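Worksheet: the structure to be examined is printed underneath.
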Protein chains: 2
Amino acid sequence: MRESGSKATQIHTHQPSGKTKLDRRTILEAGADFIDQHGVRELSMRRLGAALGVEAMSLYRHVPSRENLLDGIVELIMDQLYGDPEVYLEPRNGWQDYLFRLAHGLRRMALAHPRIFPLVATRPPEAPWVRPPLRSLRWIDSFLGALTSSGFRPEAAVAAYRAFSSFLLGHLLLEVAALGAEIGPVETDDGQAQETGDLSEYPQVLQLQDLLSEDRSADEFEESLENLLERLGTLIR
Amino acid sequence: MRESGSKATQIHTHQPSGKTKLDRRTILEAGADFIDQHGVRELSMRRLGAALGVEAMSLYRHVPSRENLLDGIVELIMDQLYGDPEVYLEPRNGWQDYLFRLAHGLRRMALAHPRIFPLVATRPPEAPWVRPPLRSLRWIDSFLGALTSSGFRPEAAVAAYRAFSSFLLGHLLLEVAALGAEIGPVETDDGQAQETGDLSEYPQVLQLQDLLSEDRSADEFEESLENLLERLGTLIR
DNA sequence: ATGCTTTGCTTACATCGTAAACAAGCTTTC
DNA sequence: GAAAGCTTGTTTACGATGTAAGCAAAGCAT
């Protein structure tokens, strides 16, 4: 499995015992888990090493720096999209279905890793045309191919790509931020859960407080996505 | 100039000489300048102190922590909106004009401080209904008031607030990120400006490369904003 | 003058990312 | 088998960071 050298070296698994042999892949996975559980702020090389039962410096045999580690984690998470059976690399039922599935796949990814998604969103991309949250050339190529093969002119496909990115980025970032607000900063533990400040200066907010607190993100996502798809439809040749 | 206590203490300016008396406000301004010039990563308490001709620990008399400093800088930048003569706190020519001006004001703010805007976008908000990039209760109140007084039902005003936030967040974050890609990570200085990797595996990207590199953000902003306003119009009672 | 409060400086500490030298296995070659 | 080399983890070390604690000087009120 997993590929690599695999010539004749693979005759006997040398360490079938407990300790899962250090490895870039295992480090990235452990890093992702760590961030899921404790947040990026808490992730230090020493702590991640400890989580793997290893000294901090050992990680540097497989990962050149902390920055690169974070990039690797982002890439690892993004790769989950390939494993999502609901998302297709090629359009099978038209471009709308393709985009619909892609958007929902990305949303699932963001909601599965709310502490990691901000990294996906803000880490500097490797090329100017790589726009978060679609940070992989392979997916971008797939995206553009899906649209051009469905009758979009090149300009329209690119415009659609841009509109799609910024819609997803905005919506998902706010959605995971709202999630994080409940889970996030370890509770302010000075008594109880952050007293709602004095809103008497803000009558509208005060009055609409209930509506504002309501979580309609799933519906809003659906509606906005639908609207976006309609709008993109008008770009078609 | 600059205001402050100004009761009776101000009879004689004790330090009329060069050094501009330390102060939360001056620290925040210096911090904002620093980030504008060098980026958040480079901002350390010691360096900011040095920039102000003062020891790091002196800052702690006016600012409780680095985290709080960053929050303060975000708030400071957000307050520039009040000084923008093109943006009104009350709707003067209907809600569409109000939103149009607000959106453009925020865009000007983001483009004026591309290294700071990601902070505006991602710092954990003080209340769950505070959605970046509109991080101030006063503006949120203004927003909701503008819409309800223009005939939006409460649910519609809140829905509009959400749609508006996520549109702006996505678009502006991507726009400043693209800006930062040109200015950003101090150049990789290993020869010249980051060779365009091998795109032979990605024929669509390769073929649309020119279109993808084109900067149409201003136009896209205009068009998407217009579309958003139209769409919000259908929510009106 | 005397004391109080404000403000900045000095020193100190735990923690961080990571460079460098080293050691203990493997793998390869005879 | 042994010798040589490579791979992988450890040890030690350094400079930088955020910030707690105590100190000192300078402004104010008495």
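Letters A, B, ... mirror the listed sequences (proteins, then strands); counts begin at 1. A quick note: this is a predicted structure, and the numbers were derived from the prediction, not measured.
- Every residue meeting the side chain to side chain donor-acceptor pair (under 3.5 Å) condition with B/Asp36, not counting sequence neighbours, appears here in chain and number order: B/His113.
- Screening residues 32-52 of chain B for ring pair (Phe, Tyr, Trp, His ring centres under 6.0 Å), with sequence neighbours left out, gives B/Phe34-B/His38.
- Between the CZ atom of A/Arg41 and the C1' atom of D/dT17 there is a distance of 12 Å, given to the nearest Å.
- Separating the CG atom of B/Leu69 from the P atom of D/dT17 is a distance of 14 Å, rounded to the nearest angstrom.
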Set out, line by line, the N/O atom pairs under 3.5 Å between protein and nucleotides 14-16 of chain C.
from   : atom 1 : to      : atom 2 : distance (Å)
C/dC16 : OP1    : A/Ser44 : OG     : 3.4
C/dC16 : OP1    : A/Arg47 : NH2    : 3.4

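- In this view, A/Arg138 satisfies the side chain to side chain donor-acceptor pair (under 3.5 Å) rule with no residue, not counting sequence neighbours.
- For B/Arg61, there are no side chain to side chain donor-acceptor pair (under 3.5 Å) partners two or more places apart in sequence or in a different chain.
- Among residue pairs with one or both ends in residues 62-82 of chain A, those qualifying as ring pair (Phe, Tyr, Trp, His ring centres under 6.0 Å) are A/Tyr82-A/Trp139; sequence neighbours excluded.
- Applying the salt bridge (Lys or Arg N to Asp or Glu O under 4.0 Å) rule to A/Asp84 yields the partners A/Arg108; only residues at least two apart in sequence or on another chain are considered.
- Here B/Phe164 pairs with B/Phe143 under the ring-ring contact (aromatic ring centres under 6.0 Å, His included) rule; sequence neighbours left out.
- By the 30° and 60° cut-offs, the orientation of the rings of A/Phe221 relative to A/His104 is perpendicular.
- Taken residue by residue, residues 56-63 of chain A places heavy atoms nearer than 4.0 Å to DNA chain D at A/Met57, A/Ser58, A/Arg61, A/His62.
- Every residue meeting the side chain to side chain donor-acceptor pair (under 3.5 Å) condition with A/Asp71, not counting sequence neighbours, appears here in chain and number order: A/Arg123.
- Of all nucleotides listed (D/dT10, C/dT18, C/dT7), C/dT18 comes nearest to the side chain of A/Ser65.
- Taking A/Arg66 as the reference, nothing meets the salt bridge (Lys or Arg N to Asp or Glu O under 4.0 Å) condition, with sequence neighbours excluded.
- Taking five base pairs at each end of the helix from C/dA1-D/dT30 to C/dC30-D/dG1, the local helix axes there meet at an angle of 0°, rounded to 10°.
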